[in-house]
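Worksheet for the structure shown next.
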Amino acid sequence: MFVSPASPSVWNSHAAWSRLSSARAKLATDLMPCQAPPAVITADRAAIVAAESEVGRIEAARAAAIANFERSGRFLDITV
């Protein structure tokens, strides 16, 4: 049995992925013919870049926290 450390970054990760998915869906909708002017499409693309950056930052912080926890030795290995 493996128990991983729970941290607020897990919830932030879900929220960031949700924002990224929403931004991509909005861009796809706006790219349909005659749906949005170029400025809106540019804003959609900027939102996607920002969301991707946020996801990357949160996932990197989460991976670092897990690595620190695993190196700390403050856990118990239980096999069933």
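Scored by the side chain to side chain donor-acceptor pair (under 3.5 Å) test, Arg24 finds Glu52 as partners (sequence neighbours excluded).
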Side-chain donor-acceptor pairs of residues 15-23 under 3.5 Å, sequence neighbours excluded:
unit_1 : atom_1 : unit_2 : atom_2 : d
Trp17  : NE1    : Glu59  : OE2    : 3.2
Arg19  : NE     : Glu54  : OE1    : 3.2
Arg19  : NH2    : Glu54  : OE1    : 3.3
Arg19  : NH2    : Glu54  : OE2    : 2.5
Ser22  : OG     : Ser18  : O      : 3.1

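Residue pairs meeting the salt bridge (charged side-chain N to carboxylate O under 4.0 Å, His left out) criterion with at least one partner in residues 30-44, sequence neighbours excluded, are Lys26-Asp30, Lys26-Asp44.
At a threshold of 4.5 Å between side-chain heavy atoms, the hydrophobic network of Ile, Leu, Val, Met, Phe, Trp and Tyr places Leu27 and Val55 in one connected group.
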